[in-house]
Amino acid sequence: MAELPKVNPEGSAKTYSGFGIPLILPAWIIIGFFLVIPVAMMLVYSFLTKEFRGGVIWEFSISSYDQFFLYRGLFGDSPPVIEWTYISIFWRSIWQAGLATFCCLIIGFPTAWFIATRTGRNKTIWLFLITIPYWVNLLIRTISMKFLIRDNGPLNEFFLSIGLISEPFHIINTNFAVQLGLFYSYLPFMVLPIYAAVERYNFALSEAAADLYASRTVTLLKVILPTVKPGIVAGCILVFVPSLGAFLAPDLLGGAKNFMIGSLIEEQFKGAAGNWPFGAAASMILLSLVLIVLTFYARNQTKGQI
Amino acid sequence: MATKNVDLRHFTGFKSLTLLCLFLLYAPLIIVMVYSFNDSNSITRWNTVSLRWYYDLFYGVDAPKFKTAAINSISIAVMAAMSATVIATMAATAMLRAGKFRGKSVSFALINLPLMVPEIVTAVATLIFFSAIGFTTGYLTILIAHIVFCIPFAYLPIAARMQGIEDVYEQAAQDLYATRFQAFRLILLPLMAPGIISGFLLAFIISLDDFIITNFVKGAGVETLPTVIFGAVKQGIKPNIMAISTLLLAVSVGFVALSYFVGRMGEKSNPTTTKQGD
Amino acid sequence: MASFRGITVSNFWDRMSKDKEIAVDIQNVTKTFGAFTALNGVSLDIRDNEFFTLLGPSGCGKTTLLRLIAGFEEVTNGAIHLYGQNIADLLPNERPINTVFQQYALFPHMNVTDNVMFGLLRLGHDTSKAKARVGEVLELVRLSDFADRMPSQLSGGQQQRVALARALAPSPKVLLLDEPLSALDLKLRQAVRLELQQIQVQTGITFIFVTHDQEEALTMSDRIAVLEGGRVQQVGSAREIYEAPENKFVADFIGETNLIDVTVSNVEKGKGSCVLPGGAQIICSAAEGALVGSGHLSLRPERIKITASGKGMLEGKTVRHIYLGTDLHIEVSLTSGSHVTVRMQNSTQIKIPNVGQSVGLDFEASSARLLVD
């Protein structure tokens, strides 16, 4: 008997072949024109000179990048020294995002596991419960967090009223508040991919491990986690990347003292004090960071490790 | 004698952590909702239940501002969602039903590109673009920017649904003298309807909720609901903010639930899942 | 109205040749999918008003050939002519051919009437005329009461009849049926086979029927083409294929047969002189292309009689009885080593040899056939 072809002659799904390009064209035009080209323009702008009232002068200069990394004194003529201000903002954003990812993981993994191991209708209900908050506007969620933790907000009121503390906890406008905000914003993004991975997990593996005398902890560490790793990694990326470029959490919850990349960039485009090329440069650097993370992820996927 | 829990799915403490997780997620929202019904002027002293702040939203000092913003938000969301749905449907047809064509693999990356670029980068790039070509920022720029990021969101449910429909129906239609356009219009489109509606609802809510990109490209004259709320919050949280937040919250949840149920109904009428015996 | 590049289904008939005898002419068709060859140099003539079956195991290419005729695949090499006209350039909706799909493919969002009416509307008939035609066709398949049902409310057998009605409604000249009975249970299948034959005779439409079930092929067809490995193994009526198989594959695939090693001393004018194991000589019909030397004889189990040991053309020992209700199969091990199956009717009159008993096997020369190896 002849070998079956790899292409299934029955359903080769080419009903509209020949029309592929016209059909995909609108998407190409819209996304090409209004996203790809703008990003390219942003790259160009990062190499231009700043205009006083915002906007740019079309003159090539690397002053933005220079300004980002180096300090040349008050008058710009001292020998260059590394400028830590902006680098430290980026660095702080990275570890804030990383910490938020970690916290999301610690709480998110057990939650995802628990939900995925429920049965039947229960599982759907739990899943629904965990995804509803995701669908609330991020702004609203951040505002509600802000409302909750402010000095004379309900949380402090509650603690005061039960006598736990004598003075309100000053949470708002601290690093901790921003952390809380990031954690709160992106937690569902950690839970859902892990949930999907656990759903596909074959519990026969756990049984095999138990049959071979592994304790539950050992099974968790040596069998479950490696198998579910793709979901965990996806979840981490889905939390880390948006956290890195977050604006609302640092702005509403962190105040002036807790700048992250998002706030830094936003500031450059706000009226007269702004520096567009610099903002563009900072955005390019952020984009590059994100692309590096995503490339690592994609590479690992194709290598079959994840 | 206590029996040991031999369920391999069980890990101690996981349930408590899940409950904690849910509590953390819902607490701030519930508190906002509760306080929106607070009669007191101060937002922290609890008084009696009242709809005062909801009335304030519609008839108070800030009402016109909110109303214009709401109209903008909704109209932009409707138009952006419709455009995105049409573009996404065409794109899905190309990716799933048109065989091979040049640039097909790149197209998939392109459709998902708005999801991969951080929102703030998209916002900056879009602003720079409009400024560079001299296009005044305002309603139209918001609309265009929204269409861009709505496309991948509309695409997901549409493509998922289309993949579940075998192309044998369109072949049968062609066998019965339908042109390819007729096969698309009379057979594929009706069968895909739940996915298209789902995609539309998803795109709608994503557009309605957007803040960062809208804030950047809106210019000085135009406000949407999220931007006007943000502006108000910057001046200090007033109770009517709680009210509008609660409303927006209810709308979001309502829409998503709707989208989910439409998807479920579609699932039941999915031609490949209903198999009959003899 | 389905019209593309000026060719409509209606003006197709203006262009066709006068010679209506050959409905579908498949000329040396080859079809490849990348490195895989599904059809290799297939040539067939399918006549007007014929019930023609493509028979073969899975993967033999029969469905691919059907799809080529319908227009869902393009020919890699060769040509297909419909009533004298080359249809290679025509899209499926330009060919006056309709298909009954294996999984019926009824449009799930339309009821029975709308399904059956679909082709007629696309051809431009007005709704009232179309509805009348639908009524006719539903009566033909005996589903008139189900006109308003949705496909999901129908049983498999009923869906199959709707699919048939839908394909018949536009009055095609050729109807393609892709294993339409495979999902039905045995009793229903047998009933539907009869119906299909009657409908074919009644409507005069050329049926091209694809199946892997040889019983179906034998009972329903005017002519059968046996396919395997992308090639035509043999074309003929049911009797021709059964009685005079050309090669081992056809002999073995259709019904059951015994293959007996023989030495061929001469082949002349369609007859072969062979020496059987054990020394007996016979002259029997030979397939075209049979050669001198070692060869195989095809001998049907029901054509062998068991006689006393030493009195038959072959000699052997009874190995086993297989009880099949109406029949008994007796497995005999020849002295030359190979096994032969003999089919006996389960009648009280015939004496059944015991296991281990030596027996002789007798048959008429006209029952044997020398095959192409």
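No experiment lies behind these values; they were computed from the predicted model shown. In the text below, chain A, chain B and the rest are named by the order of the sequence lines, each starting its count at 1.
In this structure, the portion of C:Leu106 lying under 4.5 Å from any heavy atom of chain B is its backbone and not its side chain. With a 4.5 Å cut-off on non-hydrogen atoms, C:Ile97 touches chain B through its backbone but not through its side chain. Heavy atoms closer than 4.5 Å to chain C are found nowhere in B:Ala183, neither backbone nor side chain.
Donor-acceptor pairing under 3.5 Å is recorded for the side chains of C:Asp126 and C:Ser128. In the model, C:Ser155 has a side-chain atom that pairs as donor or acceptor with a side-chain atom of C:Gln158 under 3.5 Å.
For the pair C:Asp178 and C:Arg67, the salt-bridge criterion is not met [side-chain N within less than 4.0 Å of a carboxylate O].
Cation-pi geometry between C:Arg166 and C:Phe101 is not met at under 6.0 angstrom from the ring centre and within 45 degrees of the axis.
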